[in-house]
Amino acid sequence: MTADRWRQIENLFEQALQRPGPEQGQFLNEVCGDDADLRRELASLLACDVPGEQLIDIPELAGIEEAMSDMTGRRIGPYRVTSLIGHGGMGAVYLGIRDDEQYQKQVAIKLLKRGMDTQFMLNRFKQERQILANLEHPFIARLLDGGATDDGLPYLVMEYVDGVPITKYCEERNLTVLERLRLFRLVCEAVQYAHQNLVVHRDLKPSNILTTKEGAPKLLDFGIAKVVAPGLSSSATLTRREMRMLTPDYASPEQVRGQQISTASDTYSLGAVLYELLCCQRPHRFQSDSITDIERTICEIEPEKPSLAAARNQGSTPTSLKQLRRQLHGDLDNIVLTAMRKEPQRRYASAAEFSEDLRRYMGGLPVIAHEDSWSYRASKFIRRNRLAAGAAALLALTLVGGFVSTTVQARRAERRFQLVRGLGRSMLFDLYDQMEHLPGSTPLRASTVRTVVRYLDDLARDGAQDPDLEVEIAKAYERAGSLEGHPYGPNLGNAAAALLNYRKAVAIFERLQDRPGFRGEALRGLIDTNLRIGQLEGLMGNPSLAVQHSRKAAAIANEAFGAGGLELPPSTQMNLYYRLADAEYEHGSASGELSFCRKALEVCQKWIASNPNRAIAACEVETRRHMGSALGRAGDLAGSLDSFSKGKQTALQLSERAELKPEVRYGGISLLNSMGDVLAAPDDPNFGDIAGAIEVYKLALDLATRLEAGDTKNFYARRNVATCYWRLGMVHAAYKPAEALDYYNKSLQIIDELNTRDPKNAEYRYHASRVYMGLGESLHHLGRHEEAVTNLNRAVDLQRAILAVSPERIWNLRVLSRTYIFIGHAHLKLGNHPAAQTSFSEALHTAELMLRRAPTSLSHQLDLADALEALGEFSLAIARSPNLSPARRFELKREARAHLRKSLAIWQDWTFRKLAAPYAGRREAKVSQALAALGPV
Amino acid sequence: MREDVTKLLLDWSRGNQAALEELTPLVYKDLHQRARNYLRGERPGHTLQPTALIHEAYLRLANDSPPEWNSRAHFLAVASRVMRQILVDHARRHGAGKRGSGVANVSLDEALLPARAENGDLLALDEALARLSKFDERKCRIVEMRYFGGCSVEETAQALGVAGITVMREMRLAEAWLRRAMQGGSEST
């Protein structure tokens, strides 16, 4: 690669990138000519151009610490380290010799990582040491000693075992099933011995069960878990770190959930090890390594029968696989699965009993283990569900060995029950979350939601008396409603169906609110759902119903929170307050909105004060944003800016913290954008501080870009970036239209891309329409009027398309009205007066429509004023044309005066009510001037 | 010792590549020590990101040293390279079939070691970077600083004395080239 060649490639690469994808090939042909190598080179480089995707993930330094601090040759306590044996999650393990030549016995020294609480560990160790030191069994590696190095690192000294993990041992020597069982039974012996001495291992797994070349098992780390990681043994919820220390494949459900550990936990782990020994697969298949996924898999999903799992073994011949399957099928399957039952009390009562059953199997005798019978599962179902008598009777029939039809019905009933449980836990909630962030096939989601709702209806009708179940059903209805039609979340555009589901939810919550123990849940549900109904009714154009429902929600909230009777987590409270505030805004009560925002702020500040967790500070960002927006809407610009400024610093700090959830960090972008809006966004009252707005928008863009880079699969992140570009375009449009064009185009590029991936999502069309409007405005300022009109018409088309499907979305009308105004201006410049007149009139008409729906909204008043002024100026402009009759001129001036006066009235009203003071003043002055220039009468 | 480092930094900033070679081992030791001290602190639950380490190390060095140490940008460039070396060394050691070497395994928590795949990627990138540096040193430095040093576009630009846009532009081609190299694609000579 010569320097010149490389430079050539660089140049051409960059130029190629300027062109859209499909045109790149053509470009390459042009510039490369005959040089096939060059073309190949460039083509392959372009193919590998994936902006935003990282080349690698930089691994964590977790293991580097060991690498950098190899202790070989050094001393640990009275021992000298001779070599490093390996690394583990707890620390490094070394081979060592006792240095005071008393006895040259080899030991294994486990040097624990930094980060373990040394003092605590040492204390525990002292407590446990006596017990552990007394464990003397040929198959258990003895714990010899423990202490702390000079550096303050804890270490444990154990008998050194020269062996390999039991699984490896069996594999290397190709042991038969019977041989493996024999070996395994020795392990059970050791575990039984320990249990009798009241020591539970807590962390049994193949790497802790070594086998020497003589074929003797040696169990390591008995009881160490209790010393080193107390969380693993206590009933506390496991921290993430402790969770990572468990090897999930062998951990019992109660361990994973942080519940009481007993000898049965060891039995479970033994079962898991046997599982692997027999069929060479691990019992669980995890979808991901998220804690929720692990927990769910271990606690809820039954492992596949070993005989079936064995079928997946690679490298075995078909005949040997068939043999293995036959051998495992039946009794051995049952034995393993019995040991691995989710409920501790249903496992073998002891390791000895486990071993006994294996002995019976090996001797051809009948075993205790049996399959989970249908009757057992049915009885579980009854206990959990407490069905109505009829259904219970049905099941009783099946227990007796009933009829096919009843069995089928019972099965359907259980399936439904599982479905609801599944709904409550995963299906709908996951679906909800997924819809929020990923594209997908909207129609498929729609049909899924509908199926789910049908099941819910059936269930509700079956008269489930169990209030737990009812709460689940109600919540599921709520979620289904949101999915069907809630406008501020992912939705399928069906408001009527949404309302129906919400009302079903309300009915259930109302029934439950007097049930002891369920009041809290029911009240939360009532407030929440009533709010959603209110919102939806409002958007569907039923303002009185909207008010009714949201006031109801407010009343319930005030009573519930006021009396202090309702204990909800702060985040839930704040969320409810935000939505109550929004509802108040919808009904034109600025004071109501502010009062709820203040309540939210109170909760937020109390929460932050009592909780040092920095992530909670995120709620402050959210609250300041709400307050800022609320104050802006109420016309207090200064207060609004102040609120945003307060949140800004926290927002920026939080955005640096990569370990926080994305949603938390996105709040900052919102706040910065809202702040920019109040500084200079032309479509709402603002300070006219363009430079200030640009600065803040750029911060937002920077944040959004960074978040996107770290979260490339998340389309919400991409959309954020698009919105930020759009805002930068908006603020530059009037004063630097060429730059605005650039920003708008960047925004459009992203939006188009997102739209291609998810065409049914109305959101993107909305954003696209705003960008086209912006493009039109910029082009207009650049004097390119025809192009402006094209883009603006595009915007109108998009808006009309959205409104045709969802007429309740009034905020679309804002964009529409402003677009019409721009079209009017463009036509005016092109000399097309009739078209201009039509457009301006459309703008006015749209603004009046909006105002009728929400007469107290300042934004809509602003839109009306804009439309009036546009019309007024238009009439004036025409009035100046030559060749007009005096009568006509007079008429036009009169029209202009009328429009401008109406607009002036709006600004004077604002001034009188002290709304958006600096802004209203500017507008009023401008209109007054125009009127004065018109002359009297 | 400190004067040496400063002088070497100056030399390097004036284009003397050899100075970087000399500088690296000096800073390595410093960093190594700093890293050990950093890691020594009881900070349970904190993830140890390499890039955080660099910034931490810089802060300490900057605080300890006399005011001549003002070329933070240069320090970051060096530290990025050092971090790359540390990570690559570590990856080599881990990937080097420890398990198959016949030594007894005692309590290995297999689930918790970094995945083999990660190490493989890292080594592939290192190799590809080495090839890239043969004909475009600057791009190699840029990638190093951005990836291994976690440096921002501004910091990278400052260290290399170019504009931010240049950094971004060069990154793009560099990443494409490296991606291709890591996928085993051949390049023309």
Side-chain angles (χ1 to χ4, degrees), chain A residues 1-3 6 10 13-14 17 37-38 40-41 44-51 54-65 67-69 83 85-90 93 108 110 114-117 151 160-165 207-208 210 220-221 239-241 244-245 247-249 659, chain B residues 32 35-36 39-51 53 86-87 89-91 93-94 98-99 103-115 118-119 121-122 124-125 128 134-136 143 147-148 150 169-170 172-173 175-180 182-183 185-189:
Chain A
M1 177 71 70
T2 67
W6 183 234
E10 269 199 84
F13 181 80
E14 194 186 339
L17 286 179
D37 275 328
L38 181 61
R40 217 181 5 249
E41 180 77 5
S44 64
L45 284 171
L46 285 166
C48 288
D49 171 51
V50 189
Q54 288 201 286
L55 291 172
I56 59 169
D57 281 317
I58 305 286
E60 280 187 18
L61 275 179
I64 286 194
E65 176 197 333
M68 296 213 281
S69 58
S83 67
I85 299 180
H87 290 299
M90 291 191 198
V93 186
K110 194 169 206 171
R114 290 167 186 89
M116 308 266 171
D117 192 336
D151 282 350
Y160 170 65
V161 175
D162 188 5
V164 294
S207 53
N208 269 339
L210 300 187
L220 306 169
D221 286 355
T239 64
R240 193 180 177 84
R241 188 198 182 84
R244 276 169 57 78
M245 289 177 64
T247 315
D249 293 286
E659 77 272 17
Chain B
H32 190 153
R36 294 196 66 198
L39 295 169
R40 188 176 293 242
E42 303 279 292
R43 297 195 203 198
H46 274 231
T47 53
L48 299 174
Q49 283 293 321
T51 55
L53 193 56
I86 294 179
L87 286 170
D89 282 344
H90 175 65
R93 257 215 262 181
H94 256 295
K98 188 167 25 78
R99 221 143 300 146
V103 186
N105 290 315
V106 183
S107 279
L108 285 172
D109 290 353
E110 292 154 23
L112 300 172
L113 291 173
E118 274 183 344
N119 291 338
D121 278 349
L122 188 60
L125 177 60
K134 288 211 178 82
F135 57 91
D136 194 330
V143 171
Y147 270 86
F148 296 101
R169 186 166 33 92
E170 303 228 351
R172 190 130 180 214
L173 177 53
E175 279 184 317
W177 194 94
L178 289 166
R179 188 170 285 114
R180 188 180 68 181
M182 285 165 74
Q183 286 168 5
S186 56
E187 63 247 34
S188 58
T189 41

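Within every chain, numbering begins at 1; the chains are lettered A, B, ... in the order of the sequence lines, protein sequences first and strands thereafter. Not measured: the values here are computed from a predicted model.
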On a heavy-atom basis, the closest approach of Cys48(A) and Gln183(B) is SG-OE1, 3.8 Å
Contacts of Arg169(B) that satisfy side chain to side chain contact (heavy atoms under 4.5 Å, CB included) - sequence neighbours left out: Glu14(A), Thr166(B)
CZ of Arg180(B) to CG of Asp49(A): how many Å apart, nearest 0.5 Å? 12.0 Å
Who passes side-chain hydrogen bond (donor to acceptor under 3.5 Å, both in side chains) against Asp136(B), sequence neighbours left out? Trp6(A), Lys139(B)
Please look at Leu17(A) and chain B and tell me whether the side chain, the backbone, both or neither of the residue comes under 4.5 angstrom of a heavy atom of that chain. side chain
